[in-house]
Amino acid sequence: MTRQPLLDIKDLTVEFGQGHRTSPLRAVDGVSLDIAPGETVGLVGESGSGKSTIGRAVLGLTPVHSGRVRFEGIDVTRAGPRTRRGLSARLQVVFQDPYSSLNPARTIGQTLAEPLLVHRRLDRRETDAHIAEMLERVGMPADTAGRYPGQFSGGQRQRIAIARALMLEPSLVICDEPVSALDLSIQAQVMNLLARLQRELSLSYLFIAHDLPVVRHLSDRVVVLYRGRVMESGPAQVVYADPVHPYTEALLDAVPAPDPRAQRARRAAQAAPKTTNPPADEGCVFAHRCPYAIDICHRERPALLPLPSRGEKQPEGGRAVACHRSGEPARVRGLHT
Amino acid sequence: MAIFRLAVRRLLSSAPLLFLVSALTFVLVSLVPGDPARTIVGQHVTVEQYEAVRVQLGLDDPLPVQYWDWLVGVLHGDLGASLFSGEAVTKTLNDRLPVSLSLIVAGTVVSGILGVALGLLSARRGGLLTRAVDLLSLLGLAVPAFWFALVLIAVGAVKLRWFPVTGYVPFADDPAEWARSLVLPVISLSLSAVAVIAKQTRDCVLDTFGRDFIRVMQANGFSRRSILYRHVLRNAAVPVVTVLGVVLVSLLAAAVFVETVFAMPGLGSLTQQATVQHDIPVIQGAVLYITVLVVLVNLLVDMAYNRLDPRVRAA
């Protein structure tokens, strides 16, 4: 419990200006989360929920409005290029689009050599050996280094992008929708690759995705976001098996069921949003879509609180929910019958 | 080696193009009402005199025969002689080629440098400069070169007296005067080209900056400068080179008007005069020269692609 987290985000808020007439858009609103060494934390939510923005804020690609980001105990919230350069040996990223994530004008070998040039003084032969080893690790043929990105498929490019991220043996890799641009069968291959590399290299992942089964497959813990706020967090298996927040429940319900008859039945049962009004400044951001919303939900913002244990003595592995009604046993039971 | 082979292949494959263009020009010119014999003899001669001139010029032969005679001459390096001055067409063209080349090469260099610089600046700064580039490109495309040339003469030459109104001084005679005589024509020629290139450069640079491989480098703390010069420019250059090639070819066309307005003895003004006079050998020769120039420009563009983009090399 006293072990220092690898990544520690506290009250992170990111705003985007929308011109001087309108107030800025708050993409991420007071989010806190941490990742322990070797752990995978999944960040889920619909588009616009701020999940990618959190990843980009950690990488310094978007300015942080308030809060702080600590990596390996060092504050990197507003780190400049020099600090980032030092950091890049330990903190890496894999983006979604395999077609734009490699420079089309450079060979794979040149692209993979880039991080080595910055951090290590290796001669030509050592660099080549290192590249060959990493390519083999991600399951690419040996002649890959001399070729250009244009000669590879999406799945192969994503493997190469993963190889680039791992060249310096980082401790944390931010995976921003790393498989959502790929075919289903290729998705499975790349996910298995990520899982195997994690075991072999004791990596941590911040795994950002909108696809819930994908996140479940890889994550130890999940954090559910809606409109820039954390709705629920906890161990992946528990959250998936027993969602407490109405939004998590709605998200899980949105995953199509393989059986068409079950899918139809569920669709019919899904509650339509109560109102279409946008959320007010105060109150729960999900209240306007929530089938269980009561008066207080529209008036007061619920805090993210540890969920009291149900049945067992201990709190359920750091599970937390931001919902006024999470404590009501009747409602909780009512959801899952 | 591969580049050399590409050049040879492209030049060989352009032979049919030259043939086609010259044949088409021949037909088009003969379709224009009036003929050179009439222009030479004028209105007040007998039909016999007029016919005699036609026979003398070979205009009574059927069109395919006329074209065949011209083609045989070309293959022997003889482009014939002007119907009016009697001067060899090759000599006329060779005299005038440097004028047009000065104009077009200077125009390309100026619009290339200025366009890329403006585009880069507006990509990096944004704001007011971006809007200025947008406005400029709209203006540049809307304002015809010959009208802009007249405005430049009125302001830069007549009012301010900084530059000569018209005319051209050969480089060999006086390099300084040569440059001075080129300023206004080059400006009027480059206006639209600068606009197009600046806009294209800006859009390509911004597009490349938005790509994930650039984000990876930014996250890894590479400086903006090294990202821009080592990674963005190289990728943004491909479409810019395409536009540069198109612009160069359009400069060849615009040069016809600009040379006429500034009374410069170049290929463009020559073609214009020859067309008015129905001077077929001169028209044919000028078109041949200009076509060869276009072929060469396209070859250069292709070779630049080859250098810049590995995907082209693989194909």
Side-chain angles (χ1 to χ4, degrees), chain A residues 52 55-62 76 79-108 110-111 114-115 117-119 146-152 157-158 160-162 164-165 167-168 170 173-174 176-178 181, chain B residues 2-3 116 120 123-128 130-131 200-201 203-242 244 301-315:
Chain A
S52 285
R56 300 187 54 174
V58 172
L59 292 164
L61 292 173
T62 191
V76 298
R82 190 179 295 256
T83 322
R84 289 276 162 204
R85 209 148 46 225
L87 225 59
S88 68
R90 317 277 304 137
L91 173 63
Q92 274 296 338
V93 59
V94 175
F95 280 116
Q96 172 178 15
D97 178 11
Y99 293 93
S100 82
S101 66
L102 300 169
N103 187 340
R106 319 198 83 200
T107 63
I108 304 302
Q110 286 173 322
T111 293
E114 223 137 62
L117 293 175
V118 177
H119 288 277
R147 307 229 231 142
Y148 287 93
Q151 293 163 275
F152 297 100
R157 290 191 208 190
Q158 208 60 327
I160 295 165
I162 292 169
R164 171 182 54 193
M167 283 308 282
L168 296 164
V173 179
I174 309 232
D176 190 353
E177 304 261 13
Chain B
I3 284 247
V116 169
L120 274 179
R124 294 203 53 178
R125 292 276 163 71
L128 211 63
T130 303
R131 254 171 275 165
Q200 181 78 7
T201 305
D203 292 350
C204 290
V205 165
L206 287 182
D207 179 64
T208 314
F209 254 118
R211 290 184 182 256
D212 282 342
F213 71 89
I214 298 297
R215 292 223 179 94
V216 171
M217 303 197 75
Q218 284 169 337
N220 286 348
F222 283 81
S223 72
R224 204 174 155 83
R225 176 183 296 253
S226 94
I227 291 176
L228 178 65
Y229 290 107
R230 289 193 45 211
H231 297 270
V232 173
L233 275 192
R234 170 85 179 264
N235 281 290
V238 177
V240 173
V241 167
T242 310
L244 204 65
V301 168
D302 278 0
M303 278 157 62
Y305 280 158
N306 215 281
R307 223 27 239 109
L308 288 168
D309 193 346
R311 282 168 292 190
V312 175
R313 236 172 295 157

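In what follows, chains are A, B, ... by sequence order, proteins preceding strands, each numbered from 1.
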When you look at B/Arg234 and A/Arg106, which way does the side-chain contact (heavy atoms from CB on, under 4.5 Å) test go after all the steps?
-> CA-CA 10 Å; B/Arg234 170 85 179 264; A/Arg106 319 198 83 200; 5.8 Å; no

Part of [X] within contact of chain B (heavy atom distance under 4.5 Å):
{"X": "A/Val118", "value": "side chain"}
{"X": "A/Arg56", "value": "side chain"}
{"X": "A/Leu61", "value": "side chain"}
{"X": "A/Gln96", "value": "backbone"}
{"X": "A/Ile174", "value": "neither"}

Which of A/Pro149, A/Gly80, A/Ala105 touches chain B most, by non-hydrogen pairs under 4.5 Å =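 Of A/Pro149, A/Gly80, A/Ala105, A/Ala105 has the most heavy-atom pairs under 4.5 Å with chain B.
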
Reference residue B/Asn220; test side-chain contact (heavy atoms from CB on, under 4.5 Å); the match among A/Arg164, A/Gln92, A/Arg84 |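 Going through the options one by one, the only one that passes is A/Gln92.
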
Enter the distance from B/Arg230:CZ to A/Glu114:CD here, rounded to the nearest 0.5 Å.
->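 Going from CZ on B/Arg230 over to CD on A/Glu114, the span is 6.0 Å.
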
Look up atom OG1 in B/Thr208 and atom CG in A/Asn103, then write down how far apart they are to the nearest 0.5 Å.
->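 With rounding to 0.5 Å, OG1 (B/Thr208) is 9.0 Å from CG (A/Asn103).
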
Which atom pair, heavy atoms only, marks the closest approach of B/Asn235 to A/Pro104?
->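 Nearest pair, atom of B/Asn235 first, then A/Pro104: OD1-CG, 3.1 Å.
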
Indicate the atoms forming the closest heavy-atom contact of B/Phe213 with A/Ser101, along with that distance.
->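 Between these two residues, the closest heavy atoms are CB-O, 3.2 Å.
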
Chain A interface, residue from B/Gln218, B/Arg215, B/Arg224, B/Met217 that has the most non-hydrogen pairs under 4.5 Å =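 Top count of heavy-atom pairs under 4.5 Å with chain A: B/Arg215.
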
Do side-chain atoms of A/Arg85 reach the backbone of B/Gly221 as a donor and acceptor pair under 3.5 angstrom?
->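 Judged by distance alone, yes, a pair lies under 3.5 Å.
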
